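Values below: every heavy atom of this structure, side chains too, minus hydrogens, waters and symmetry copies. Keep in mind the model is a prediction, meaning the values are calculated, not measured.
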Amino acid sequence: MGEKLRLEGVIKSFGANDVLCGVDLSVDEGEMVCLIGASGSGKSTLLRCLNLLEPIDDGRILLDGVDISEPDLDPLPVRQRMGLVFQSYNLFPHMTAFENVMLAPRRVLRKSRAELAPGVESLFARFGLAAQMGHYPDQLSGGQQQRVAIIRALAMRPEVMLFDEVTSSLDPELVGEVLDVLRLLKSEGMTMVLATHEMGFARDAADKVCFLDGGRILEEGPPATIFTDPHEPRTREFLRRVL
């Protein structure tokens, strides 16, 4: 498996606030990379920059070796290849789960409902929501709504999935069902980058863990190293506080 994503010296500021301070990161095809760190360390901004929702100030972002961070690049084809799921589900309340998922593929992929429906229905079945396709968001639990949001991103047939704290707004008993979806995607070879507070999940499921602090990746490595023998005092302090 070759390299899928690479960040080289990525810098991002909002006014006088330096959020990403020269981030270097490599993500191989089929790899799950978990970003951990305190709130405000730059995890969410890193994901938004990858998806081109935020332009970077300096550095490069490469997808399959092609620089996608050029200022005049059309972001839409990149976003089709890289799905981003947020902690808030952002489902339209007046549409059923099925209609919410169908909206973007019909507009962007310009395919008919009849062409798209079998694939979308199979996604609902795969993630245990076949019986809820006709339900409205307020008829679904938080965990079900988050799974619909993930299905909506997958309906665009992305090559990479980005997840921004997708379990942080869920009740504890609903977290597991969303993490099971992530495990399933990993088993199917999806390339994924996750910002997460779920340390047990990162330790068990990630191929690589990156600890962000002050807009930098302070330490990265396999979970066994990061969680049991971190080199940096700041990593040890963070893990001591959250574990």
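- Just one residue in the list E220, E3, K208 forms a side-chain hydrogen bond (donor to acceptor under 3.5 Å, both in side chains) with S26, and that residue is E3.
- For R234, the CZ atom sits in a packed shell: over 12 heavy atoms of surrounding residues, nucleotides or ligands are nearer than 6.0 Å.
- In the displayed structure, R157 atom CZ is contacted under 6.0 Å by at most 12 heavy atoms of other residues, nucleotides or ligands.
- Here the side chains of M32 and L194 are in contact, with some heavy-atom distance below 4.5 Å.
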side-chain contact (heavy atoms from CB on, under 4.5 Å) evaluation trace for F238 with M199: CA-CA 11 Å; F238 170 78; M199 296 299 143; 4.0 Å; yes
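- Atoms CZ and CG, on R152 and N100 in that order, are 6.0 Å from each other to the nearest 0.5 Å.
- Q87 contributes atom CD, which lies 9.0 Å from atom OG1 of T167 (distance to the nearest 0.5 angstrom).
- Between K4 and D28 there is no salt bridge, since none of the side-chain N atoms of the basic residue sits less than 4.0 Å from a carboxylate O of the acidic one.
- Under the 4.5 Å side-chain contact rule for hydrophobic residues, L129 and F163 share a cluster.
- Using a 4.5 Å heavy-atom cutoff, the side chains of E54 and F14 are in contact.
- For the atom pair L46 CG and D164 CG, the distance stands at 10.0 Å (nearest 0.5 Å).
- Criterion: ILVMFWY side-chain heavy atoms under 4.5 Å apart, direct or through other members. Under it, L162 and V23 are part of a common hydrophobic cluster.
- Using a distance-only test at 3.5 Å, with no hydrogens or angles considered, no donor-acceptor pair links the side chain of E232 to the main chain of E219.
- Between E165 and K43, at least one side-chain nitrogen of the basic residue sits less than 4.0 Å from a carboxylate oxygen of the acidic one, meeting the salt-bridge criterion.
- Closest heavy-atom contact between G83 and P158: N-CB, 3.6 Å.
- Between K12 and P55 the shortest side-chain heavy-atom distance falls below 4.5 Å.
- In this structure, A206 and P223 approach most closely via the heavy-atom pair O-CG, 3.3 Å.
- Side-chain atoms of F98 and I151, non-hydrogen and from C-beta on, never get closer than 4.5 Å to each other.
- The shortest distance between side-chain heavy atoms of V175 and F201 does not fall below 4.5 Å.
- Atom CG of D74 and atom CG of L52 lie 9.5 Å apart (nearest 0.5 Å).
- Hydrophobic clustering (ILVMFWY, side-chain heavy atoms < 4.5 Å, transitive): V33 and V166 are in distinct clusters.
- For the atom pair CE of M192 and NZ of K186, the computed distance is 7.0 Å after rounding to the nearest 0.5 Å.
- Under the 4.5 Å side-chain heavy-atom criterion for grouping Ile, Leu, Val, Met, Phe, Trp and Tyr, V209 is not connected to V27 through any hydrophobic cluster.
- Between L20 and I11, every side-chain heavy-atom pair lies at or beyond the 4.5 Å cut-off.
- Contact detail for G134 and T96: the closest heavy-atom pair is O-CG2, 3.4 Å.
- In terms of modelled atom types and a separation under 3.5 Å, the side chain of Q146 and the main chain of S88 share no donor-acceptor contact.
- Closest of all the heavy-atom pairs between G214 and C21 is O-SG, 3.7 Å.
- With hydrogens and angles disregarded, no donor-acceptor distance shorter than 3.5 Å links the side chain of R6 to the backbone of L63.
- Looking at every heavy atom in both residues, L174 comes nearest to G142 through CD1-N, 3.9 Å.
- In the displayed structure, R241 atom CZ is contacted under 6.0 Å by more than 12 heavy atoms of other residues, nucleotides or ligands.
- A donor-acceptor contact shorter than 3.5 Å links the side chain of S41 to the backbone of A38.
- By the 4.5 Å heavy-atom criterion applied to side chains, V242 and H197 are not counted as neighbours.
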Verdict with reasoning, L140 to Y89, per side-chain contact (heavy atoms from CB on, under 4.5 Å): CA-CA 12 Å; L140 301 172; Y89 328 121; over 6 Å; no
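- Side-chain N or O atoms of D24 include one that pairs as donor or acceptor with a backbone N or O of G9 at under 3.5 Å.
- A cation-pi contact links R203 to F227, judged by a cut-off of 6.0 Å to the six-membered ring centre and 45° from its axis.
- The hydrophobic cluster containing L50 does not contain M161, counting ILVMFWY residues as joined when their side-chain heavy atoms lie under 4.5 angstrom apart, directly or transitively.
- Atom CG of L25 sits about 4.5 Å away from atom CD1 of I217, to the nearest 0.5 Å.
- Looking at S13 and D18, their side chains do bring a donor and an acceptor atom within 3.5 Å of each other.
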Worked verdict on Q144 versus E177 for side-chain contact (heavy atoms from CB on, under 4.5 Å): CA-CA 8 Å; Q144 289 172 333; E177 64 187 57; 4.2 Å; yes
S187 vs L184, side-chain contact (heavy atoms from CB on, under 4.5 Å): CA-CA, chis, key distance, verdict: CA-CA 5 Å; S187 73; L184 177 60; 3.8 Å; yes
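- A donor-acceptor contact shorter than 3.5 Å is absent between the side chain of R216 and the backbone of G22.
- Side-chain atoms of N51 and L47, non-hydrogen and from C-beta on, never get closer than 4.5 Å to each other.
- Contact detail for S69 and G59: the closest heavy-atom pair is OG-O, 4.1 Å.
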